[in-house]
Amino acid sequence: MITLSALDLALAATLVVALALVSRRVHAGVERQLAIAAVRTVVQLLLIGLVLKALFATTSLLWVALLSFLMLAVAGREVMARQHYRFSGPWGYGIGLVSMFISSFAVTLFALLVVVGNQPWYEPQYAIPLLGMLLGNTMNGVSLALDRLTQSARDQRAVIEARLMLGDTALESLSDIRRQVFRSGLIPIINAMAAAGIVSLPGMMTGQILAGAPPVEAVKYQILIMFLIAAGAGFGTLAAVHLAVKRLFDERQRLRLERLTR
Amino acid sequence: MLLSVRDLKVHNLPPLSFGLAAGECLGLSGPSGVGKTLLLRALADLDPNEGEVLLAGRPRRDWPPAEWRRQVMLVPSESFWWASTVGEHFSRVDEALFDALGFPAEVAAWRVERLSSGERQRLAVARALVREPRVLLLDEPTANLDADNTVRVERVLDGYRRDHDAGLLWVSHSREQLQRVADRRFHLGPRGFAEPEAVA
């Protein structure tokens, strides 16, 4: 296994710097965001590397749980930040948080207890990376779906209410939108599974192979991850859409768009 | 009373109380922006509202929301369509009804985006009637129609009222129309209901 030096990473960073310079040249206006994101990547990943190093040395359930909930809290914030229209009040944060908690934590526990079956089950070397992959992908699915749902409800208010007027229930009045929204949350992982290995080599597997793991072992882990992500993102999206639809309507099944804020 | 309304608070209006008997058509006129459309939306329970509304003596809160709206059906002045063909918006096809409204039987296969505004309005009345509501809340149901089609819609709605013993609350800007179709007429002003003669 070839260890990367700081110089190696600096060389890779020159590519990003070059991209930023070109972006400035063509007035794309993303060079600032690009620079900030690149710096965040370095700082955040170095930090998590140090945290994992310390965590691996202790194998304490308490610390694993603490880090897990911190990751969840950040993912919840991220989902909220990505919404064009979000629910006002605690729902804005809560819907993403609860749905990611249900799906990502359940699927990670399933993977750790049933599939990996490690001793102890919360060994951080397995628990944290698995949860991280799941949270990241569930977060994408949930935020795409929620954004699409609230946007569609606003755009199609007249149609939704027309169906309510004709005696449809809240769920019926939203049936087309719910279908599209659920699709949009699941399409990324479906595409990733369909293209895996042919068009793209998934990042996790590539990383393992680069780090010296036998390819077939890396592939098996990648398959596991793909299935877990599909389940996590899928159930997370379902839960988020379910909660959001509940909040879009009140107890008399009236459409309550004023509960959304920009 | 088929529909009883007690102290319904809408918009900036004082609390409204009135009743609608089975088989009766109540005509409602009033200046733009006074809250006629909001009144109809409140009766259909589409906006949060205060007050007591009963259908056949049973309070609104005791009805499942969708069932209430199926029985107290609002036909808005502008209709919206979600599927691609006309027929998909109908719970059942009623060729006699289509014919009475001036459409051929194959209207069910027509594409929605090709309908004119007048065709939309007549078909919006039709898709409400096939669901057989007991109360119809009609918001200017003939606003986009020529004279012939206005007569058709008035005749169809009158027939439905008689056949089903339904109650109609009919909002219109045309005093002549309300004189033709309504048993009782009310004028809604900023201070509530008045008989139109008293205002005029």
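Sequence lines set the chain letters: A, B, ... in the order given, protein chains first and strands last, and positions in each chain run from 1.
- Around the CD atom of Gln180(A), the shell of radius 6.0 Å holds more than 12 heavy atoms that belong to other residues, nucleotides or ligands.
- Top candidate by heavy-atom pairs under 4.5 Å with chain B, chosen from Ala158(A), Ala170(A), Ser173(A), is Ala158(A).
- Pairing each heavy atom of Arg70(B) with each of Leu166(A), the nearest pair is CG-O, 3.9 Å.
- Pro133(B) does not touch chain A: none of its heavy atoms, backbone or side chain, sits under 4.5 Å away.
- By the 6.0 Å contact criterion, CZ on Phe227(A) is open, its count of non-hydrogen atoms from other residues, nucleotides or ligands being 12 or less.
- By number of non-hydrogen pairs under 4.5 angstrom with chain A, the leading residue of Val75(B), Asp45(B), Leu74(B) is Asp45(B).
- Of the listed residues (Met165(A), Arg254(A), Gln253(A), Arg252(A)), just one forms a side-chain contact (heavy atoms from CB on, under 4.5 Å) with Leu46(B), and that residue is Met165(A).
- Crowding of Arg32(A) atom CZ: a count of heavy atoms from other residues, nucleotides or ligands under 6.0 Å not exceeding 12.
- Using a 4.5 Å cut-off between heavy atoms, Trp81(B) contacts chain A through its backbone alone, with no side-chain atom that close.
- By the 6.0 Å contact criterion, CD on Glu52(B) is enclosed, its count of non-hydrogen atoms from other residues, nucleotides or ligands being greater than 12.
- Note: Pro65(B) leads Pro65(B), Ala124(B), Ala66(B) in heavy-atom pairs under 4.5 Å with chain A.
- No more than 12 heavy-atom neighbours from other residues, nucleotides or ligands sit within 6.0 angstrom of CZ on Arg191(B).
- Of the two parts of Arg256(A), only the side chain, counted from C-beta on, holds a non-hydrogen atom closer than 4.5 Å to a non-hydrogen atom of chain B.
- Neither the backbone nor the side chain of Gln156(A) comes within contact range of chain B; no heavy atom of the residue lies under 4.5 Å from a heavy atom of that chain.
- The 12-atom threshold is not exceeded at CD of Glu50(B), counting heavy atoms of other residues, nucleotides or ligands nearer than 6.0 Å.
- Few gaps surround OH on Tyr93(A); more than 12 heavy atoms of other groups in view lie less than 6.0 Å from it.
- In this structure, the portion of Arg41(B) lying under 4.5 Å from any heavy atom of chain A is its side chain and not its backbone.
- Within residues 99-115 of chain B, no residue has a heavy atom under 4.5 Å from a heavy atom of chain A.
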